[in-house]
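Data block below; observations after.
Atom set for the values below is all heavy atoms of this structure, side chains included, hydrogens, waters and symmetry mates excluded. Here the structure is a predicted model, which is why all the values come from computation and not from measurement. By convention here, the first residue in the shown sequence is residue 1.
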Amino acid sequence: MFAEPRPRLDLRQSLSPIPFYVGRPIRLARDYNKGNLRPDLIAGLTVAVILLPQAIAFALIAELPPQMGIYTAAIAAVVGGLWGSSNQVHTGPTNAISLLVLSVLLSSFTPGTPQFFWAAGMLALMAGLLQLIMGLARLGVLVNFVSHSVVVGFASGAGLLIAIRQLPHLLGVQLETERLIEIGYETVIALPEANRATAAIGIGTIALLVVLRRIDRRIPAALIAMVLSSLTVFIFSLDEQGVAVIGELPKSLPPFADLPLLDTQYITRLSTGALAVGAIGLVETSAISRTIATQTGQRLDSNQEFVGQGLANVAVGLFSGYPCAGSFSRSAVNFNAGARSSFAAVLSSGFLLLAVFLTAPMAAYLPRAALAGVLIVVAIGMIDRIEIGRIWRGARGDAVIMLATFLGTLFVEIAFAVLLGIMLSFVRYILRTSAPRVHQVVPDGEYKHFAYQPSQPHCPQLGVIDILGDLYFGAVNHVEETIYRYEERHPDQRFLLIRMHNVNNCDFSGIHMLESVLKSYRDNGGDVFMVRVSFRVNKLMTTTGFRDTIGMQNFLDEDEAVSHIFYRVLDPAVCIYECPYRVFQECLNLPKQVYPEDIEVLDHGLAAITVDQITPEELWQAIRTTPEKLTVIDVREPREYRRGHVPSAELVPLSRILSGEHQLDCGGEHQIVFVCRSGRRSRRAAQKVMHGQATVKILRGGMLAWEAADLLEAIDYIDQDQVVEDSPIESSGS
């Protein structure tokens with residue numbers, strides 16, 4: 001017999017989460033389609049053309065040596081590409097992260113010193129470890145809770161800040177301040193002292209970039225501008241006339257950095273900044289990957305992306321780089337150039353190193369003003385005016401978060417501004433989820449769907465509520481208070497149907513809240529029913545015992561829920577004699593009591609009628625002490641009357657009073673008390689007879705309140721002593 005073939009090894013299924021993340025490059029290489037090699041080569045070369053000038057320029061934003069930018073670009077592209085999730089995202093130095101790094105380092109270190117460079121590496125290492133831990137712990141979902149407004153506000157503020165900070169380099173003036181407003185003011189004051197050659201190169205670079213971009217955005221405008229400006233400096237020896245140049249770049253692979261890994265002073269100083277750098281890097285990268293994935297259809301893994309960014313930052317920190325993240329511009333170029341896989345980013349790194357080895361001597365003539373011009377154009381491009389306008393015209397919360405992050409980026413420590421924006425995003429999310437909408441809903445005109453229609457009439461016996469959110473500890477108080485307010489506004493509705501299809505999660509606090517609502521309705525002689533309870537919520541209800549408390553019979557099928565309650569729970573007499581509406585489809589064939597045309601329909605105008613009310617306890621006392629001065633009239637129907645009534649009450653259905661068939665012969669101080677099930681029909685009867693010949697009152701809360709007052713035993717006692725013919729109240733029914 002032949003042996004069964006051995007199944008192919010699947011790393012995703014056979015390895016634990018950590019080896020799976022680490023083993024992603026093996027899977028990429030194993031599954032690589034050779035047909036993707038040519039488009040990946042073209043994309044890698046295209047990205048490398050813009051990567052070289054950006055790597056140098058972005059390092060200068062952070063006031064770091066150009067080689068640190070190159071090392072970061074070369075290493076991050078490889079590690080981020082191989083261990084990331086997206087096939088097109090390009091990882092490396094970015095303008096926003098560079099500015100954030102500078103802000104963090106300036107608070108504790110002096111630019112140009114070895115401590116400053118070590119701190120940049122430590123910052124990358126710490127941010128990377130944070131990102132890596134979040135990825136391995138499968139916390140990628142957390143990035144979804146950071147508002148897009150934070151990214152827009154930070155990018156806009158960073159763009160404006162970068163542009164203003166580059167003005168002295170663009171014009172060749174020397175300033176001593178680092179404050180935003182002072183930089184702009186002192187630059188204007190120092191204009192007469194500007195180096196004309198430097199200013200000409202800087203302004204000329206900006207003009208060239210603008211013209212080339214208008215001709216064709218695919219032209220490597222930054223590279224062309226840097227080459228032409230270097231040739232200009234070389235031909236006219238402008239470096240000898242005060243034009244600042246970069247200096248020759250080293251021809252070497254990224255060296256291992258001797259970082260103070262165990263220095264607690266560095267760790268303490270950089271901890272807050274590392275949190276901000278790690279967070280904004282993940283938010284930026286996730287936003288880029290999601291944007292591209294909508295066009296490619298690729299399924300992304302946020303946890304894998306966190307691991308990729310974390311490993312990239314750890315690697316650049318250990319090999320003489322500084323923090324990195326996914327780049328908006330390079331990722332877009334990579335995608336538009338036709339990149340099919342992550343190997344396009346790896347190839348761009350190889351092309352970058354090759355270009356550095358070949359052109360390193362030319363950097364000795366690369367003017368700082370040209371780089372300033374490139375950065376200013378890139379920085380202005382970071383300010384997305386269209387997106388800002390959309391957010392400003394949209395939700396107020398998003399606009400506040402964007403504005404706070406933008407102003408914080410400009411005028412306070414950038415790391416604090418970023419964390420403030422992220423914190424506001426979380427606060428806004430908590431406020432929104434802690435106050436889910438709780439709506440009373442009724443069927444639409446075709447009786448097919450429930451909808452929130454506050455202007456439509458409601459059923460006097462059954463309320464239907466939709467909970468649009470999760471029942472967790474932060475939201476239960478709002479939901480509970482909303483339901484109780486609804487119960488107070490509709491005291492006659494003894495039954496409640498809760499639609500749970502929008503409740504995806506529930507914790508123990510939510511169970512307690514549901515128990516409290518259930519008790520409140522059952523204490524008033526009613527009940528609570530539920531439909532469309534999710535599997536997860538249903539499981540919690542079972543394990544906590546709530547399902548047994550409410551009863552299996554109270555979990556209804558959505559299509560049959562109203563019919564079940566209508567035919568088996570509600571009192572049809574109320575539907576006929578107290579409710580003029582046909583709220584549910586089941587009401588369509590139900591007969592309604594017809595009253596004379598000159599009598600207003602029930603509910604219309606009743607709220608404006610002032611009728612004295614008497615409590616059950618007061619009525620009981622009056623029956624005991626002054627029965628000769630009291631007439632109790634039950635305006636319900638005979639069937640309801642026979643099921644239970646107040647002792648000595650006379651049955652006179654409401655229809656007879658409204659039609660004038662029954663005349664009340666009362667006078668003087670004689671008191672009339674009308675009684676019905678809940679008080680609605682009593683109020684209508686009182687309106688009809690209130691013309692001064694008698695003191696008219698109604699029983700507050702009707703027979704429902706009479707039963708709730710526990711007067712059954714008391715009435716039994718009265719009947720025995722006073723030989724009242726009527727039997728004591730037994731039950732008012734459902």
Polar side-chain atom of [X] near backbone of [Y] as donor-acceptor pair, under 3.5 Å:
X	Y	result
Asn334	Gly44	no
Glu413	Ser103	no
Thr543	Leu540	yes
Ser342	Gly81	yes
Ser331	Val89	no
Asn505	Asp470	no
Gln298	Ser85	yes
Asn336	Ala332	yes
Ser425	Ser147	yes
Ser149	Asp398	yes

(message) Checking Gln440 against Gln453 for the side chain to side chain contact (heavy atoms under 4.5 Å, CB included) test, could you report, in this order, the C-alpha distance in whole Å, the side-chain angles of both residues, the deciding distance, and whether it holds?
(response) CA-CA 8 Å; Gln440 177 196 11; Gln453 304 174 83; over 6 Å; no

Looking only at heavy atoms, what is the nearest atom pair of [X] and [Y], with distance?
X	Y	answer
Ala48	Leu352	CB-N, 4.1 Å
Ala325	Gln309	CA-OE1, 3.4 Å
Ala77	Ser348	CB-OG, 4.2 Å
Ala155	Met382	O-CE, 3.5 Å
Ile380	Ala163	CD1-CB, 4.1 Å
Ile280	Leu100	CG2-CD2, 3.4 Å

What distance do [X] atom [atom1] and [Y] atom [atom2] have between them, rounded to the nearest 0.5 Å?
X	Y	atom1	atom2	value
Leu431	His478	CG	NE2	11.5 Å
Leu318	Asn313	CG	CG	10.5 Å
Met423	Ile430	CE	CD1	10.5 Å
Asn477	Glu481	CG	CD	4.0 Å
Gln304	Trp83	CD	CH2	10.0 Å
Gln295	Arg290	CD	CZ	14.5 Å

(message) Could you check whether atom CZ of Phe426 has more than 12 heavy atoms from other residues, nucleotides or ligands sitting under 6.0 Å from it?
(response) yes

(message) Atom CZ of residue position Arg536 - does it have more than 12 heavy atoms of other residues, nucleotides or ligands inside 6.0 Å?
(response)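 Atom CZ in Arg536 is not packed in, count stays at 12 or less.
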
I want to check something: taking the side chain as every heavy atom from C-beta on, are [X] and [Y] in contact at a cut-off of under 4.5 Å?
X	Y	value
Val333	Thr46	yes
Val101	Val104	no
Ile267	Met126	yes
Leu105	Leu270	yes
Phe306	Leu282	yes
Arg24	Leu82	no
Leu130	Val277	no
Thr544	Phe508	yes

Can a donor-acceptor pair be found between the side chains of [X] and [Y] at a distance below 3.5 Å?
X	Y	answer
Tyr484	Ser516	yes
Tyr472	Thr433	yes
His90	Arg330	yes
Glu305	Ser286	no
Glu558	His501	no
Ser329	Gln54	yes

(request) Take Leu209 and Val374 through the side chain to side chain contact (heavy atoms under 4.5 Å, CB included) test and state the conclusion after the steps. (result) CA-CA 8 Å; Leu209 291 174; Val374 171; 4.0 Å; yes

(request) Check the pair Thr94, Ile97 against side chain to side chain contact (heavy atoms under 4.5 Å, CB included), reporting the backbone distance first and the verdict last. (result) CA-CA 5 Å; Thr94 68; Ile97 292 295; 3.1 Å; yes

(message) If you take the centroid of each ring, where Trp contributes its six-membered ring, are Tyr322 and Phe116 closer together than 6.0 Å?
(response) no

(message) Set out, in order, the CA-CA distance, both residues' side-chain angles and the distance that settles side chain to side chain contact (heavy atoms under 4.5 Å, CB included) for Ser327 and Thr91, then state yes or no.
(response) CA-CA 6 Å; Ser327 167; Thr91 303; over 6 Å; no

(message) Please determine whether a side-chain nitrogen of the Lys or Arg among Arg437 and Asp466 lies less than 4.0 Å from a carboxylate oxygen of the Asp or Glu.
(response) no

(request) Before accepting this row, confirm whether a basic side-chain N of the pair Glu63/Arg165 lies closer than 4.0 Å to the acidic partner's carboxylate O. (result) yes

(message) Checking side-chain contact (heavy atoms from CB on, under 4.5 Å) between Met500 and each of Val531, Ile465, Leu471, which is the one that passes?
(response) Leu471

(request) Please lay out, stage by stage, how Asp40 and Arg340 fare under the test salt bridge (charged side-chain N to carboxylate O under 4.0 Å, His left out). (result) CA-CA 6 Å; Asp40 284 347; Arg340 301 284 183 84; over 6 Å; no

